[in-house]
Amino acid sequence: MDVEENEPAGGPVDAEVVLRPESLVLTFFGAHVLGRPVMVATPSLIDALGRVGVSPHATRSAVARMVKRGRLVNRRHGRSVYLGLTPESVAVLEDGYTRIWRTGAVNRHWDGMWTLLAFNLPDAWQRQRHELRTRLLWAGFGPLQGGLWAAPATPDVPSVLAGLEAAAHVRSFVARTTGDLDPATMLREVWDVQGLARRYERFCARWDGGEADRRFTDPLGRQLALQEEWRLAQRQEPYLPLELLPTPWPGEAAQALFHRLHAQVENEARAVVARDVQTIPSALEGVPDR
């Protein structure tokens with residue numbers, strides 16, 4: 001959920017697609033472990049990421065970092081070390097599941113309402129300001145001016161601000177635009193609409209007969225790469241109203257392509273996991289976490 005302080009709303013779009021081992025680990029757990037009381041053998045995880053081209057060393061290093069940061073828990077059972085989710089990573093994956101499978105890439109049901117957040121933090125609160133901006137960008141807000149941010153929706157503001165030290169300094173309002181203020185113009189001023197479009201166009205170019213479509217042919221590797229690249233395409237997606245976006249909006253075609261390709265490979269990928277991935281119950285008596 002990290003966002004650089006100087007990124008525009010909508011995030012960077014022109015860099016090459018990079019599938020990072022830590023993100024792929026979470027993608028694997030989100031697709032095949034979330035909601036199941038199991039832990040995965042480290043060799044099985046190494047094999048899964050190897051199908052996407054990640055080396056065993058890179059996977060082991062990623063796992064070590066994730067355990068240290070509290071994103072995974074490890075447990076020795078017999079001769080193997082098994083890996084499981086922590087409450088923090090479960091929350092991240094559940095949010096990602098909602099974004100991918102429920103919210104989607106486009107808002108077709110906008111009611112014309114905007115949520116405004118106003119805040120004025122002490123000058124010394126650099127860390128708190130960064131944490132707040134990061135959370136707001138992730139939730140689909142963009143900066144109007146100074147300490148005034150807006151989202152073309154009515155998100156659950158208390159949930160967005162939960163746990164933030166800066167929350168007490170934030171005031172929220174719901175409003176409509178008035179007068180000569182054109183919502184579509186304001187949208188383009190606050191969010192990098194063209195950048196978001198390029199991100200979706202790049203996803204289609206790579207997966208509709210393009211480089212990624214040709215490269216990832218192993219069922220499990222294809223599923224992981226597909227989901228991870230779609231997650232990156234939606235990264236910091238502000239869920240903008242379709243009626244305010246250029247027509248045709250490439251997010252619609254990209255989302256349809258993702259769902260079609262995922263449906264084609266999902267059963268085969270699950271069969272690979274059932275056959276090749278070794279697991280144990282996540283609650284074993286007398287076997288401590290470490």
Side-chain angles (χ1 to χ4, degrees), residues 1-4 12 15-97 100 134 206 211-212 215-235 262 265-266 268-290:
M1 198 179 293
D2 296 336
V3 178
E4 293 298 324
E16 291 296 322
V17 176
V18 178
L19 303 182
R20 302 186 183 280
E22 289 187 37
S23 294
L24 284 167
V25 169
L26 283 180
T27 296
F28 172 84
F29 273 86
H32 298 288
V33 177
L34 185 65
R36 299 175 57 205
V38 299
M39 303 180 76
V40 175
T42 301
S44 295
L45 184 63
I46 290 173
D47 173 74
L49 265 64
R51 296 167 186 259
V52 194
V54 180
S55 71
H57 173 74
T59 299
R60 290 191 186 95
S61 297
V63 165
R65 290 191 298 269
M66 296 175 77
V67 170
K68 184 177 181 179
R69 295 171 183 170
R71 295 178 181 176
L72 290 177
V73 61
N74 58 5
R75 174 181 295 157
R76 182 171 291 281
H77 182 63
R79 295 184 177 182
S80 295
V81 173
Y82 290 77
L83 302 162
L85 295 170
T86 64
E88 176 187 347
S89 56
V90 167
V92 170
L93 291 174
E94 287 179 342
D95 180 69
Y97 179 90
I100 290 176
T134 297
R206 285 179 55 79
E211 178 185 351
R215 175 186 173 189
F216 298 109
T217 57
D218 171 84
L220 178 55
R222 183 176 178 83
Q223 183 200 40
L224 296 180
L226 177 67
Q227 285 196 210
E228 178 62 9
E229 289 204 26
W230 180 241
R231 185 192 70 82
L232 291 172
Q234 282 195 293
R235 182 171 180 259
H262 188 274
V265 78
E266 182 179 20
E268 290 184 81
R270 292 193 179 280
V272 170
V273 170
R275 183 189 69 225
D276 296 341
V277 174
Q278 183 181 1
T279 64
I280 60 172
S282 56
L284 289 178
E285 295 294 332
V287 184
D289 297 335
R290 64 182 181 89

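Values reported hereafter were calculated over all heavy atoms of this structure, with side chains retained and with hydrogens, waters and symmetry mates removed.
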Knowing that exactly one of Arg71, Arg60, Lys68 qualifies, which makes a salt bridge (Lys or Arg N to Asp or Glu O under 4.0 Å) with Glu22? Arg71

Can you measure from CG (Asp95) to CD1 (Ile100) and round to the nearest 0.5 angstrom? 10.0 Å

Run the salt bridge (charged side-chain N to carboxylate O under 4.0 Å, His left out) test on Arg222 and Asp218 for me, step by step, so that the C-alpha distance in whole Å, both residues' side-chain angles and the decisive distance to 0.1 Å come before the verdict. CA-CA 6 Å; Arg222 183 176 178 83; Asp218 171 84; over 6 Å; no

Minimal heavy-atom distance between Pro21 and Ala62, with the atoms involved, is CB-CB, 3.7 Å

Result for side chain to side chain contact (heavy atoms under 4.5 Å, CB included) between Thr59 and one of Val54, Asp47, Leu24 points to Val54

Got a second to check how far Phe28's CZ is from Leu93's CG, nearest 0.5 Å? 12.0 Å

If a pair satisfies side-chain hydrogen bond (donor to acceptor under 3.5 Å, both in side chains) and one of its residues is in residues 31-42, list it, with sequence neighbours excluded. His32-Gln223

Evaluate Arg51 against Asp276 for side-chain contact (heavy atoms from CB on, under 4.5 Å), listing each step before the verdict. CA-CA 12 Å; Arg51 296 167 186 259; Asp276 296 341; 3.1 Å; yes

Does a sphere of radius 6.0 Å around CZ in Arg20 hold more than 12 heavy atoms from other residues, nucleotides or ligands, not counting ones at 6.0 Å or beyond? no

Can you tell me if Ser44 and Gln278 form a side-chain donor-acceptor pair at under 3.5 Å? no

Between the CZ atom in Arg75 and the CD1 atom in Ile280, the distance rounded to the nearest 0.5 Å is 6.0 Å

When you compare the side chain of Glu211 with that of Val17, does any pair of heavy atoms fall below 4.5 Å? no

Please check this pair: side chain of Ser89 against backbone of Leu85, looking for a donor-acceptor N/O pair closer than 3.5 Å. no

Does any part of the side chain of Tyr82, heavy atoms only, come nearer than 4.5 Å to the side chain of Asn74, both counted from C-beta? no

Met39 vs Val73 side-chain heavy atoms within contact, under 4.5 Å: yes

Could you measure the distance from the CG atom of Leu220 to the CZ atom of Arg275? Nearest 0.5 Å is fine. 9.5 Å

Between Val40 and Leu45 the two heavy atoms that sit nearest each other are CG1-N, 4.2 Å

Among Leu226, Leu232, Leu224, which residue satisfies the side chain to side chain contact (heavy atoms under 4.5 Å, CB included) criterion with Glu228? Leu232

